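Comments concern the structure below.
Letters A, B, ... are given to chains in the order of the sequence lines, protein chains preceding strands, and every chain is numbered from 1. All values derive from a computational prediction rather than experimental measurement.
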Amino acid sequence: MRILAAMSGGVDSAVAAARAVEAGHDVVGVHLALSRAGGTLRTGSRGCCTIEDAMDARRAADRLGIPFYVWDFSERFRDDVIEDFVAEYRAGRTPNPCMRCNEKIKFAALLERALELGFDAVCTGHYATLVATPDGPELHRASDQAKDQSYVLGVLTADQLAHTYFPLGATPSKALVRAEAAERGLTVAQKPDSHDICFIPDGDTRGWLAERVGAERGEILDRSGAVVGTHEGAHAFTVGQRRGLSIGVPAADGKPRFVLEVRPVSNTVVVGPKDALATAEISGERFTWAGRAPASAAFACDVQIRAHADPVPARAELAGGTLTVRPESPFDGVAPGQTAVLYDGTRVLGQFTIDRTVSAAPVPA
RNA sequence: UCCGCCGUGGUGUAAUGGCAGCACGACAGCCUUUGGAGCUGUGAGGUCUAGGUUCGAAUCCUGGCGGCGGAG
């Protein structure tokens, strides 16, 4: 097959490309330039789109003896990922930009261009596995549960999965990938894992948002509506958050307070006890299926609410264009804007963006 | 004016004669390709003030200052 290997400049995508070559495919490496602003050059290997990273990717491609190109997707990245990110925070929601990037850039813009150029598939260093079936590929969790990235790939559709290649998914651990990188003479073998949001140079998400969303002082309320403090911009908060409230005065019960709600219109943040985060139901209209759609409108599944949450057993129901999920036991702190990924065991069924939540805790007197 | 109660880190409290403890908040680290959560750790008060009793005072006594409640 003709494979286009997306190379971020990190260990994983370099080893993935190497395995694609070794498997006998005709591989071309490409690095995505996602930002053209000089100021976003991140040192310390924190991102996936710095000039350093592009150089690392090129060195890896050279080592593998494959052609290498840099494609500029910065405009689409700005429009589809960064602007969406800002708009969501303006609306008091908590977006997941990595999922938008997978949905719109890596497995959309990049994949489309690859297909146009005659490639059969795009290869990435994601930790997830594809299982071939007569109905097309299924997306499953990776063998290394600690590194599993199937959650952020939950946005992929059947068409996208049909042209996708994840060589690392069956590897038992990341340590083996690093060891393999070292054996293959790849200079990125010991490069630190990337984390945080790649387009925020110093990792200061609040500061970055303050410049774009606009930071305006507002009130922090408790559930009775009493003012318990002030904040310097509602964008700095997300449902379930505990730190950074700086209220100074303890709650009456002396227990920690968590953000229960962010109200962008009034620029207020509502706080309360941990119990009040319990969520009995989530729903949304923006959903996709990773492969074939479910056979019936109501079905059992496991639902994962955040990238680092444990999946919980639940019932899903599709009615009138709305997907609703009710967990067997309540979710703990669900932020609208986040993505719920539905699993059947290790298989990803699909995902939706959480638009509404229903509390499991009665509002106190 | 009188009577009563009270004054301890940023906040709320514990210790009623013997090393000033706990919680919340703050900060740091770990974890993590989203935001959070979670875990670990750290700093900060000689106890409103001036005297007194005592080997020893947050604690007992006296005055002052401040707060709360009651009594026309």
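Checking side-chain atoms of A/E88 against main-chain N and O of A/F85 turns up no donor-acceptor pair under 3.5 Å. Under a 3.5 Å cut-off, the side chain of A/H31 and the backbone N or O of A/V70 do not form any donor-acceptor pair. Between the side chain of A/R100 and the backbone N or O of A/F77 there is no donor-acceptor pair closer than 3.5 Å. Although no hydrogens or angles enter the test, the distance criterion places no donor-acceptor pair under 3.5 Å between the side chain of A/E232 and the main chain of A/A215.
Residue A/Q149 contributes atom CD, which lies 12 Å from atom C1' of B/rU34 at whole-angstrom precision. Distance CZ (A/F77) to C1' (B/rU34): 11 Å, rounded to an integer number of Å. Taking atom CD1 of A/I197 as the reference point, atom C1' of B/rU33 lies 10 Å away to the nearest angstrom. Taking atom OH of A/Y151 as the reference point, atom C1' of B/rG36 lies 11 Å away to the nearest angstrom. We find that CD1 of A/I105 is positioned 16 Å from C1' of B/rU34, with the value rounded to whole Å. At whole-Å resolution of the value, CD1 in A/I354 and C1' in B/rU34 are 13 Å apart. B/rU33 atom P lies 10 Å from atom CG of A/D12, rounded to whole Å. The distance between atom CZ of A/F166 and atom C1' of B/rU33, rounded to the nearest whole Å, is 14 Å.
B/rG12 and B/rC22 make up a base pair, with Watson-Crick or G-U wobble contacts both under 3.5 Å. Nucleotide B/rA71 forms a Watson-Crick or G-U wobble pair with B/rU1, both donor-acceptor distances falling under 3.5 Å. With a cut-off of 3.5 Å on both pairing distances, the Watson-Crick or G-U wobble partner of B/rG41 is B/rC27. Applying the Watson-Crick and G-U wobble criteria (two distances, each under 3.5 Å), B/rU53 pairs with nothing in any strand. In this structure, B/rG66 forms a base pair with B/rC6, meeting either the Watson-Crick or the G-U wobble geometry with both donor-acceptor distances under 3.5 Å.
Taking 4.0 Å as the cut-off between side-chain N and carboxylate O, A/R292 and A/E138 count as a salt-bridged pair. Between A/D84 and A/R93 there is no salt bridge, since no side-chain nitrogen of the basic residue lies less than 4.0 Å from a carboxylate oxygen of the acidic one. The existence of a salt bridge linking A/R184 and A/E22 is confirmed by a sub-4.0 Å separation between a basic side-chain nitrogen and an acidic carboxylate oxygen.
Residues A/D144 and A/P172 are not in side-chain contact: their nearest non-hydrogen atoms beyond the backbone lie 4.5 Å or more apart. Using a 4.5 Å heavy-atom threshold, the side chains of A/I305 and A/T279 count as separate.
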CA sep, side-chain torsions, deciding dist, call: A/Y89, A/W208, ring-ring contact (aromatic ring centres under 6.0 Å, His included):
CA-CA 12 Å; A/Y89 268 105; A/W208 189 93; 8.9 Å; no
Verdict with reasoning, A/E219 to A/T230, per side-chain hydrogen bond (donor to acceptor under 3.5 Å, both in side chains)
CA-CA 4 Å; A/E219 291 176 334; A/T230 59; over 6 Å; no
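Qualifying ring pair (Phe, Tyr, Trp, His ring centres under 6.0 Å) partners for A/Y165, counting only residues two or more places apart in sequence or in other chains: A/H25. Qualifying salt bridge (Lys or Arg N to Asp or Glu O under 4.0 Å) partners for A/D332, counting only residues two or more places apart in sequence or in other chains: A/K274. Under the ring pair (Phe, Tyr, Trp, His ring centres under 6.0 Å) criterion, A/H231 pairs with A/F237, not counting sequence neighbours.
A/Y89 comes within contact range of the sugar-phosphate backbone alone, with a heavy-atom separation under 4.0 Å but no base atom that close. Using a 4.0 Å heavy-atom distance criterion, A/V259 is classed as making no nucleic acid contact. The residue A/F85 sits apart from the nucleic acid: no heavy atom pair falls under 4.0 Å.
Taking atom P in both B/rG18 and B/rC60, the straight-line distance is 11 Å, to the nearest Å. B/rU49 and B/rG66 are spaced 10 Å apart, taking the C1' atom of each and rounding to whole Å. Taking the P atom of each, B/rG21 and B/rC31 are spaced 32 Å apart, rounded to whole Å. The gap from the P atom of B/rA37 to that of B/rG29 amounts to 15 Å, rounded to the nearest Å. Taking atom P in both B/rC65 and B/rC55, one finds a spacing of 32 Å when rounded to whole Å. Comparing B/rG4 with B/rC39, their P atoms are spaced 48 Å from each other, to the whole Å. Comparing the P positions of B/rG64 and B/rC3 gives a spacing of 11 Å, expressed to the nearest Å. With both ends at atom P, the span from B/rC48 to B/rU59 equals 8 Å, rounded to whole Å.
Distances shorter than 4.0 Å separate none of the side-chain N or O atoms of A/H308 from OP1 or OP2 on B/rA37. Between A/K147 and B/rU33, a side-chain N or O to OP1/OP2 separation shorter than 4.0 Å is present.
Positionally, the nearest nucleotide of RNA chain B for A/Y127 lies more toward the 5' end than for the other of A/Y127 and A/A309. Each of A/D332 and A/G125 was matched to the nucleotide of RNA chain B holding its nearest heavy atom; the match closer to the 5' end belongs to A/G125.
Within residues 263-278 of chain A, the residues approaching RNA chain B are A/K274, by heavy-atom distance under 4.0 Å. Of the residues in residues 333-343 of chain A, those placing a heavy atom less than 4.0 Å from an atom of RNA chain B are A/A335, A/Q338, in numerical order.
A glycosidic torsion no more than 90° from 0 defines the syn conformation, and B/rG46 adopts it.
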Under 4.0 Å protein heavy-atom contacts per nucleotide of nucleotides 21-29 of chain B, with B for base, S for backbone only and - for none
--SBSSBB-
